[in-house]
Visitor: 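I'd like to ask some things about the structure below.
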2 protein chains.
Amino acid sequence: MSQHRHPGASGHTGAVPALPDLPEATVARLPEYLRALHNLAETGHDTVSSEALATAAGVNSAKLRKDLSHLGSYGTRGVGYDVALLIDQIEYVLGLTQRRAVALVGVGNLGHALAGYAGFVSRGFRIAALFDADESRVGEEINGLVVRHIDDLATIAAQEAIAIGVIATPAPAAQSVADRLVAVGVTSILNFAPCVLSVPDGVDVRKVDLAIELQILSFHEHRKASLTGIPASGPAAGLTALPGGLAATGTQEAVGS
Amino acid sequence: MSQHRHPGASGHTGAVPALPDLPEATVARLPEYLRALHNLAETGHDTVSSEALATAAGVNSAKLRKDLSHLGSYGTRGVGYDVALLIDQIEYVLGLTQRRAVALVGVGNLGHALAGYAGFVSRGFRIAALFDADESRVGEEINGLVVRHIDDLATIAAQEAIAIGVIATPAPAAQSVADRLVAVGVTSILNFAPCVLSVPDGVDVRKVDLAIELQILSFHEHRKASLTGIPASGPAAGLTALPGGLAATGTQEAVGS
DNA sequence: TAGATTGTTAATCGATTAACAATC
DNA sequence: TAGATTGTTAATCGATTAACAATC
């Protein structure tokens, strides 16, 4: 991840070049492009067309070009995009030129797994501290890190310059944990607890609710069953031919592998 | 979860009433309303206004009323919504009147945690089978279920009427697992592997990528730092006052707790 | 030059929101 | 009836998409 001067920085007065005001939908797709680009780089490609990159990222090429156009113009007409340059660009925009420190709160079932998740480390982050409110878990070592008591959050947050807090506690504890994270200056929270968090302006919260994902899929199962006229309780309904046009959930489109 | 006849079922000819054609954005919010309604029911409320329910679900009331209007009219003007009735309604639409069987493939770090995740069971699902390709993991018992070899998928899928497949394998294995799931009739897949899956029309895929969530937060951290003129590497930037209008990420809005 | 592919335009589509008439 | 709150309308906003001029 080399530092890369941002080209959209015009006559801005701040000490740091302002980032382009990217649409949220674009921001959410940039990490997917980045992942696809790393795959391409590893397989020896140094140039890629919008069509090929779009396929690898599971979007259509018009959307990809539109998204990239918000970053500035980094393609070459008639040729495509330089893979290494585009990686640098996207990593710069996403703020991945520094490895951000993550604090994980709640080392139960899910928290344990997250603490050991290699993808966090390989994609730009550093798990800097683990916390729990349960004394019986404090002191346990997970993946080379010792679990601290949540009361030590302030001390450790200052030491480690925590940029992002991850909440993996039960729902009833989550708001209190969020309040503590905000109090020590954390302005980005990833919440795995199934509840709504109340935070001040300027704090970003993203929520991942595993049961909700299944419930959304359940709706589509139910809908497919009702369309084919097969009773919703019938087994093996999935083997029946379906009318087209149902595949897209807004999450992924079918693409050639 | 009582069976509830769907009111939007007009003169449809199929054996099962057709579901209303809900906007995807609405479908994605219904589970959040359902969770909030269950909380309300548990705390003794039998009626709720759109304003109160919206707050509990982290959306504004206009959006909530609009969403619910797609299901039909279940509120009473001047009074609000009947909590129990609305729970039945939403559970019906989401297809949660039956407990759907889930097959989980990949019992590594994350898969282990998912296999023990209580939220799946408490919110309408049944983990019916665990699979792995690694012989050393086959036979292990997790949460009362024995891990089977992925080659046994066809046999067990037929026995258990698997409705949803969850992929928690490393990325290189995910496409092959998806192909196998589709081959045995699974038409809904939740993918935790960081890669794009190629599936036929009629198969729904939702993707959860934990690193992508952090990268989106990283973008906003980077952006906040650039706006305040504080170098992106400076610690404790979060304690600085920020210009307003930055809180919403499209994922959650600030609400009173 | 001819072929390929980007970056941009403009049309379309879907989602959000405020306001308020309907109505309990 | 008066007050409260829904369901719907219409305006606005943001995202998607196809098409193609620009240009390598």
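Residue numbering restarts at 1 for every chain, and letters A, B, ... go by the order of the sequence lines.
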Visitor: I want to verify a distance call: between D/dT16, C/dT17, C/dG7, whose nearest atom is closest to the B/Lys63 side chain?
Guide: C/dT17
Visitor: Could I get a table of every N or O pair under 3.5 Å where one atom is in the protein and the other is in nucleotides 9-12 of chain C?
Guide:
none

Visitor: How long is the line joining CG of A/Leu53 and C1' of C/dG7, in whole Å?
Guide: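 Rounding to the nearest Å, CG of A/Leu53 and C1' of C/dG7 are 15 Å apart.
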Visitor: Taking all non-hydrogen atoms of both residues, which atom of A/His222 and which atom of B/Val93 are closest, and how far apart?
Guide: ND1-O, 3.2 Å
Visitor: Enter the distance from B/Ile164:CD1 to B/Phe120:CZ here, rounded to the nearest 0.5 Å.
Guide: 9.5 Å
Visitor: Less than 4.0 Å between a side-chain N and a carboxylate O, is that true for A/Glu221 and A/Lys224?
Guide: yes
Visitor: Over the length of the helix from C/dG3-D/dC24 to C/dC24-D/dG3, how much do the five-pair end axes diverge, rounded to 10 degrees?
Guide: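 Comparing the axis at each end, I get an angle of 10°.
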Visitor: Looking at A/Leu64 and A/Ser50, what are the two nearest heavy atoms and their distance?
Guide: CD2-O, 3.3 Å
Visitor: In this structure, how many angstroms lie between the P atom of C/dC13 and the CG atom of B/Asp21, rounded?
Guide: 15 Å
Visitor: I need the A/Arg35 CZ to A/Ile87 CD1 distance, nearest 0.5 Å.
Guide: 12.0 Å
Visitor: Does the side chain of A/Leu86 reach to within under 4.5 Å of the side chain of A/Tyr33, using non-hydrogen atoms?
Guide: no
Visitor: Check the interface with nucleotides 19-24 of chain D: list each N/O to N/O pair with the protein under 3.5 Å, or write none.
Guide:
{"from": "D/dA19", "atom 1": "N6", "to": "A/Arg65", "atom 2": "NH2", "distance (Å)": "3.4"}
{"from": "D/dA22", "atom 1": "N3", "to": "A/Arg77", "atom 2": "NE", "distance (Å)": "2.9"}
{"from": "D/dT23", "atom 1": "O4'", "to": "A/Arg77", "atom 2": "NE", "distance (Å)": "3.4"}
{"from": "D/dC24", "atom 1": "O4'", "to": "A/Arg77", "atom 2": "O", "distance (Å)": "3.3"}
{"from": "D/dC24", "atom 1": "O2", "to": "A/Arg77", "atom 2": "O", "distance (Å)": "3.3"}

Visitor: Using the closest heavy atom to pick a nucleotide of DNA chain C for each, name whichever of A/Gly75 or B/Ala25 lands nearer the 5' end.
Guide: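 Of the two residues, A/Gly75 wins.
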Visitor: How close or far is atom C1' of C/dG7 from atom CG of A/Asp67, stated in whole angstroms?
Guide: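 Taking CG of A/Asp67 and C1' of C/dG7, I get 13 Å after rounding.
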Visitor: Does the pair A/Ser198 and A/Gln175 meet the rule for a side chain to side chain donor-acceptor pair (under 3.5 Å), with working shown?
Guide: CA-CA 7 Å; A/Ser198 169; A/Gln175 181 62 56; 4.9 Å; no
Visitor: Please report the distance, rounded to the nearest Å, between CD in B/Glu24 and C1' in C/dG14.
Guide: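 After rounding, the gap between these two atoms is 12 Å.
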Visitor: Under 4.0 Å between a side-chain nitrogen and a carboxylate oxygen: does that hold for B/Arg223 and A/Asp204?
Guide: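 Not counted as a salt bridge, because no side-chain N and carboxylate O are separated by less than 4.0 Å.
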Visitor: Report the residue (B/Glu51 or A/Pro23) whose heavy-atom-nearest nucleotide on DNA chain D is the more 5′ of the two.
Guide: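 First, find each residue's nearest nucleotide; the 5'-ward one identifies B/Glu51.
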Visitor: If you round to the nearest 0.5 Å, how far is CG of B/Leu214 from CZ of A/Arg100?
Guide: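 Answer for the CZ-CG pair, A/Arg100 versus B/Leu214, is 11.0 Å.
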Visitor: Rounded to whole angstroms, how far apart are CG on A/Leu71 and C1' on C/dT6?
Guide: 14 Å
Visitor: Over all heavy atoms of both residues, which pair between B/Leu96 and A/Ser218 is shortest? Give the atoms and the distance, please.
Guide: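 Looks like CD2-OG, 3.7 Å.
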Visitor: D/dT5 P sits how many Å from B/Asp82 CG, rounded?
Guide: 16 Å
Visitor: Take atom CG of B/Asn60 and atom C1' of D/dT5, then tell me their distance rounded to the nearest Å.
Guide: 15 Å
Visitor: Rounded off to whole Å, could you give me the CZ-to-C1' distance for the A/Arg29 and D/dA15 pair?
Guide: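 A/Arg29 atom CZ is separated from D/dA15 atom C1' by 8 Å.
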